[in-house]
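Letters A, B, ... are given to chains in the order of the sequence lines, protein chains preceding strands, and every chain is numbered from 1.
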Number of protein chains: 4
Amino acid sequence: MGAVKTKRMPRAVREQQMLDAAVQIFGRRGYMAASMDEIAELAGVSKPLVYLYLNSKEDLFTACIRREATALTDAVRAGVRGELPADRQLWEGLQAFFAHTAEHPHAWSVLHLQARTHGEPFAAEVAAMREEIVAFVTRLVAAAAREAHRDPDLPEREVAGLAEALVGAAESLAAWANATPHVTARQAAATMMNFAWSGLGNLMAGHPWTPPADEA
Amino acid sequence: MGAVKTKRMPRAVREQQMLDAAVQIFGRRGYMAASMDEIAELAGVSKPLVYLYLNSKEDLFTACIRREATALTDAVRAGVRGELPADRQLWEGLQAFFAHTAEHPHAWSVLHLQARTHGEPFAAEVAAMREEIVAFVTRLVAAAAREAHRDPDLPEREVAGLAEALVGAAESLAAWANATPHVTARQAAATMMNFAWSGLGNLMAGHPWTPPADEA
Amino acid sequence: MGAVKTKRMPRAVREQQMLDAAVQIFGRRGYMAASMDEIAELAGVSKPLVYLYLNSKEDLFTACIRREATALTDAVRAGVRGELPADRQLWEGLQAFFAHTAEHPHAWSVLHLQARTHGEPFAAEVAAMREEIVAFVTRLVAAAAREAHRDPDLPEREVAGLAEALVGAAESLAAWANATPHVTARQAAATMMNFAWSGLGNLMAGHPWTPPADEA
Amino acid sequence: MGAVKTKRMPRAVREQQMLDAAVQIFGRRGYMAASMDEIAELAGVSKPLVYLYLNSKEDLFTACIRREATALTDAVRAGVRGELPADRQLWEGLQAFFAHTAEHPHAWSVLHLQARTHGEPFAAEVAAMREEIVAFVTRLVAAAAREAHRDPDLPEREVAGLAEALVGAAESLAAWANATPHVTARQAAATMMNFAWSGLGNLMAGHPWTPPADEA
DNA sequence: CATGAATGAGACTTCATTCAT
DNA sequence: TATGAATGAAGTCTCATTCAT
C-alpha cells in the first residue's frame, strides 16, 4: 500500500506525491491526529524530505487546502455553461460539485471539515474558496431575479443568507451522498434543485423542478 | 477566571462544572488541541479528579456531546407546538434551533464541527441526535404532503435527501448567523423558510413565505 | 552514578537536584551539546518532570547561570573584610574567587565559557555578575588611589580597562589553576597579586608583593 | 552576500572560500549551532563539495582553528622586533595582537570562545597556539629578569602562572576592546602595559609605564 | 474526597552525511 | 568536478494518564 517506492524523482513530482498522501491522511485522521510519520510513509519517502519540500505541518496542510480548493472550484467552473438560464447553470454547477466531491472524498473532508476546525490561517484559506462559490451563486440569483422581472430587489443581506443556506445545503448533501450507497451526483443534484429552486411548498403541491433530459 | 474554587461539592455538581469547562475548551480548541490540564484548571479542580469522575479524554468528550445534543433537541422540541400546520411547526422549530445555537456557541461548535471531525465513536453520537431531528423534519414533510393531498408519495430516499439538505442548510446558516453581527434567530429562521419552503423559484417570482405576526 | 533515585520529593528539592545535574552536564558538554535526556537521567528523574519544573532548555540554562552567578559573588563578598586596605581586600577577594572556582569547576565552566558563547540572553546574565565584580575592583582601585594620594585622577575609561584586564587575568588563571595539578587557591591568588599589584617590572627588579602571614 | 558564485575554481581557492565562510558562521553561531547548510550557502558551493574537500564538520572546524591560529601567531611575530628590550617587545607584540583580533573578530571568536567550549580535539588545537604565545612571553620575562640582574630565578611554575595571567588579561581585553567603541589597538596595548608591567601599585603611586613616541 | 508528584509514549523538527548522476 | 535528491539519528517538547499520600 502507498506509492510504489521509486527513487530519485524530480522535485515537482515528489511534491505532488506528498500532497496526495497528506490529503488522504489529513482527511482520514484530522489535522491534529495526522502524523507526519504516517504521511511520509504513505508518500513513500522519509520524513526529512517532507520537511525539506513542504517546510512544516502547517505549511503542508495549507498547501493541501490550496491545491484542493483550486481543484474544486476549477471543476465547478468547468461544468457550467454561462449562456444558459440561471436554473440550468445551477443544475450544472451542482452536478459538477457533487461529482467532484464524490471522486475526492478525502479532499472534501479536508476542505469541509478539517480546514474549518483548526483556526484562522486554515479557515481563511477555505473561506476564500467558499466566497468564490457564493459569489457564483449570488450572480445566479440576481440573474434569476432579472429573468423574472422581480421588482423590489432583495436586500443584500437576505441574498447573502440565501446563498449561504444553499451552499450549506449542498455541502451537507455531499457528505450524505458520499455516505449513502448508490446515490449518484445526478440524483443529489436533482434533490438539491427540487429543494432549493422549487421549495418544499411547491414540491408538496406537486410542482417539482424538472431536470432537462439531454445529458449522460 | 473559571469556576470559583469551592471545596466539597456534591459529585453531580462537580461533574457539571467539569462538563461546562470541557465544552468550552473543546469548542474553542478542538478535540485534539484541548488539553486535560486546561480543562481541569478552568473547572477549578485537579486533574486526577477529572479522571476519577469522567474516566478519560474520550469519555469526557462523549459526555459533552451527549449532554449538548440532548440540550439542543430538548430546546427544539420545547419550541414546537404539534397542533399547528406543518410550515408553522417548521418555523417554530427553526427559531428554537437558531436561538439555542446562538446562545451556546461552544456547544454548537462541539456538535457541529468537533464531534464530526474525530472518528466514528463521536460522529455516531451526533448522528443519533441528527437522526432525531431529521425524523422530526421528515414527519413534517409527510404531514405537509397529506395536507396538500399529494398523491404519488415521494420516494423514501428522496425524503431523506430533502431532510438532509434542509438540516444541512439550517446548520450552515447557524454558523453564518453566529459569525455575522446583528442577525437574529428570527431573521435566520425567516431566511430558512423562504429558502426551504418557497424555494428560489417562487422567491424570484415574488412569492415569499410570510411569517405569522403574532410572536415577540 | 547520578543522584540516588528517591521517589516523591518536594518540588524545591527536586529542582535543586535538577540544577545540580544541569550545571554538571552543561559544564561538561556545552549548552548545545548537552541533551535534556542526559540531564534528566543524571538528576534521576524523567524528562517531562524537568520540563514541568524548569520550562525549557533555555530557561534551565538561565536558571543554572543565575544560581551559580549568585553563589560566586556571594562567596567573594563573604571572603572580603571591608575595613582592610585595598591590596589586602583584593588579596582576600582573589583567594575566595579561586577557592570557589576550584570547588565548582562545572559551575565555572558554565559561567566563564558556556554562557558567553551562546547569545545575548545568557551573556547578559553573566555580564550582570561580571559588572558587580568589576565594580568591586573599581572601588578598590579608587580606594588605593586615595590611599596613595594620587593626584591627577585616572580617566574613567582607563579604570574600566584596568578592571577588565584584572578580572580577565583572574578568570584565565582560574581555568589554568583548575587544569594544573597541585596549584592551590592561595598560590593562584599570590601570583595574581604579584602580577597585578606589583607588575612585571617591579617583580623583575626584585620587589614582589608580599602576602600577609596570618591566614590558614 | 557570500562569495560570488564562480564555476571551476582551483581547489586551493575554493577551500579558502569555504574556510572563510566557515570561520564567519562558526564565529557567529558557535560550533554546534552552525549548520553545514549555511556554511555551504555562504561559500557559494553545494554541500557535497564541502564534504569532498573538508571531510566532516569536525575536520572543517579544526581546519578553521588551525588557519586562524597560524594567522594570529604570524601577525604577532611579524609585529615584534627581537633586538629591542623586553618591555618594548611586549608593547609591540600586544599592539599586533590587539590589531589582529580587532580586524578578525569572527576568527577571534572561533579561537577564544568556540574552540575552547567544545572538547578536547579542538581545545588542544588552540592550546598549541597559546603555548607558543606563552613561550614568547616567558622568554620576555626571562630576558627582563636578566636585564634586571635578578638573582634568585623565579620558579618555573610561577613564570607559567604569570604568563598565563598576562595572556588571559590580554585576551579578555581584546574582547572588551572589540565591544567598546573607539578603543584602538594602541590604547588597549597601553592599558595592558600599565597593568602588566608597572602593576597597580606603581600606577597608584604615579609611576605608569610610558610608551615610546615613535610610531604612527 | 482530593491532589502534588511523576512518567511512557509519541509528536514535530533539524542536522550531518551520503548516493547517483 | 559538482550537485540535486534523499535519509538515519537525535533533539526538544507535550500530553494523557497514574501513583501515593
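Between the P atom of E:dA16 and the CG atom of D:N55 lies a distance of 15 Å, rounded to the nearest Å. To the nearest angstrom, P of E:dA16 lies 12 Å from NE2 of D:H118. In this structure, B:E15 atom CD and E:dC1 atom C1' are separated by 14 Å, rounded to whole Å. C:R8 has its CZ atom 10 Å from the P atom of F:dC19, to the nearest Å. Look at CD on D:Q17: it is 10 Å from P on F:dA2, rounded to the nearest Å. Rounded to an integer number of Å, the gap from C:M36 CE to E:dA11 C1' is 17 Å. One interatomic measurement links the two molecules: CG of B:L54 to C1' of F:dT17, which rounds to 14 Å at whole-angstrom precision. Here F:dA16 presents its P atom at 12 Å from CD1 of B:I25, a figure rounded to the nearest Å.
OP1 or OP2 of E:dA6 has at least one side-chain nitrogen or oxygen of C:R14 nearer than 4.0 Å.
Note: A:F61 and A:Y31 have parallel aromatic rings, judged against thresholds of 30 and 60 degrees for the angle between ring planes.
Mapping A:P10 and C:D37 onto DNA chain F via the closest heavy atom, the residue that lands nearer the 5' end is A:P10. Each of A:P48 and C:Y31 lies near DNA chain F, and the nucleotide nearest A:P48 is the one positioned closer to the 5' end. Nearer to the 5' terminus of DNA chain E, by closest-nucleotide assignment, is the contact made by C:L49 (compared with the other of D:S35 and C:L49).
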Could you check B:R116 against B:R130 for side chain to side chain contact (heavy atoms under 4.5 Å, CB included), going step by step and ending with a plain yes or no? CA-CA 11 Å; B:R116 320 178 88 169; B:R130 232 184 119 106; 2.9 Å; yes

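Looking at heavy-atom distances under 4.0 Å, D:A34 makes contact with sugar-phosphate atoms alone, never a base.
F:dT21 and E:dA2 make up a base pair, with Watson-Crick or G-U wobble contacts both under 3.5 Å.
Between C:H104 and C:W108, a ring centre-to-centre spacing not shorter than 6.0 Å is recorded.
For C:S46, whose side chain is taken as the heavy atoms from C-beta onward, the closest listed nucleotide among E:dA6, F:dT7, E:dT3 is E:dA6. The side chain of A:K57 sits closest to E:dA11 out of E:dA5, F:dT12, E:dA11. In this structure, of E:dT3, F:dA10, F:dA6, it is F:dA6 that holds the atom nearest to the side chain of A:Y53. For B:S56, the listed nucleotide lying nearest its side chain is F:dT17; candidates were F:dG4, E:dC12, F:dT17.
Between A:R67 and A:D20 there is a salt bridge, since a side-chain N of the basic residue sits under 4.0 Å from a carboxylate O of the acidic one. Ion pair A:E38/A:R29 flagged as a salt bridge, since at least one NZ, NE, NH1 or NH2 atom sits closer than 4.0 Å to an Asp/Glu carboxylate oxygen.
No donor-acceptor contact under 3.5 Å links the side chain of A:K47 to the base of F:dT7. Judged by distance alone with a 3.5 Å cut-off, no donor-acceptor contact links the side chain of B:R11 to the base of E:dC1.
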